[in-house]
Chemist: 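This structure is in structure tokens; I'll ask about it shortly.
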Amino acid sequence: MLRSGLVAAVMTAMSAGAAFALDGGDAAKGEQVFKQCMTCHRIGPEAKNAVGPVLTGVVGRPTGTYPGFAYSELNKHAGEAGLVWTEDNIFAYLPDPNAFLKKFLTDKGKADQATGSTKMVFKLANEQQRKDVIAYLKTFSTEKK
Ligand code: HEC
């Protein structure tokens, strides 16, 4: 009993922390942050795949599914294993995309697929910039949560 109570308390604290982490994103500032992403990504109604896939509608989209983009095996496998680009997942992914995808597959019991590397070589560590850029991405997504 004691142990399950503790686990529940920790899980509550973790989900509260995750929700807290995405408060306070500023889409206008995120548009400035997104300039770094534009080396490889386009967003908006007219966007076309470039070095990276179109990010229009990415919030709420299953990983590795934008039509016509040649994704890495690692990214495709994560999508097949059920990864969806929720705000929390994008937040956790940006500081180290490779590590995030490999951990996701390993946690799903698919360590055999957690090999190779993603083509997304960019890393964004700054927490506020991550919140802001996600707020900006959300303005191009039908999923507003
Ligand atoms: C140097 C080029 C480059 C930069 C800069 C870059 N990305 Fe990427 N990104 C990619 C590539 C290439 C992929 C495809 C990954 C794969 O196939 O492994 C990708 C994939 C993604 C995905 C997964 C998309 C999907 O459909 O599964 C997200 C989300 C993403 N990038 C967000 C961002 C954000 C936000 C930024 C800016 C903070 C950014 N990227 C900057 C190249 C880049």
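Just so you know, ligand 1 is whichever comes first in the structure, and atom 1 is the first atom listed for that ligand. Values below: every heavy atom of this structure, side chains too, minus hydrogens, waters and symmetry copies.
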Chemist: Does an N or O from R61, backbone or side chain, lie closer than 3.5 Å to an N or O of ligand 1?
Modeler: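 The answer is yes, given that R61 and ligand 1 share an N or O pair closer than 3.5 Å.
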Chemist: In terms of heavy-atom contacts, does NZ of K119 have more than 12 from other residues, nucleotides or ligands at under 6.0 Å?
Modeler: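 Yes, because the 6.0 Å sphere around NZ of K119 holds more than 12 heavy atoms from other groups.
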Chemist: Does ligand 1 come near enough to K119 that some N or O of the ligand is less than 3.5 Å from an N or O of the residue?
Modeler: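 Yes; the residue has a nitrogen or oxygen that sits under 3.5 Å from a nitrogen or oxygen of the ligand.
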Chemist: Taking non-hydrogen atoms only, is S72 closer than 4.0 angstrom to ligand 1 via side chain, backbone, both or neither?
Modeler: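 Contact part for S72 vs ligand 1: both backbone and side chain.
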Chemist: Measure F34 to ligand 1 on non-hydrogen atoms and call it side chain, backbone, both or neither using the 4.0 Å cut-off.
Modeler: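 Under 4.0 Å from ligand 1, F34 contributes no heavy atoms.
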Chemist: Is it the side chain (CB and beyond), the backbone, both or neither of I90 that lies under 4.0 Å from ligand 1, heavy atoms counted?
Modeler: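 Under 4.0 Å from ligand 1, I90 contributes no heavy atoms.
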Chemist: For atom 8 (Fe) of ligand 1, decide whether H41 has an N, O or S atom at a distance under 2.8 Å.
Modeler: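 A backbone or side-chain N, O or S atom of H41 is under 2.8 Å from atom 8 (Fe) of ligand 1.
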Chemist: What I want to know is whether Y71 and ligand 1 share at least one N or O pair that is separated by under 3.5 angstrom.
Modeler: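 N/O-N/O distance under 3.5 Å: yes.
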Chemist: Is T65 in polar range of ligand 1, meaning some N or O pair under 3.5 Å apart?
Modeler: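 Between T65 and ligand 1, no N or O pair is found under 3.5 Å apart.
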Chemist: Check each atom of ligand 1 against the heavy atoms of G64 and keep those under 4.0 Å away; list them by number with element.
Modeler: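 Near G64, the atoms of ligand 1 are 25 (C), 26 (O), 27 (O).
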Chemist: Give yes if a backbone or side-chain nitrogen or oxygen of Y66 is under 3.5 Å from a nitrogen or oxygen of ligand 1, and no if not.
Modeler: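 Checking ligand 1 against Y66, no N or O pair falls under 3.5 Å apart.
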Chemist: Quick one: does L74 get a heavy atom under 4.0 Å from ligand 1?
Modeler: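 Contact check L74 vs ligand 1: negative.
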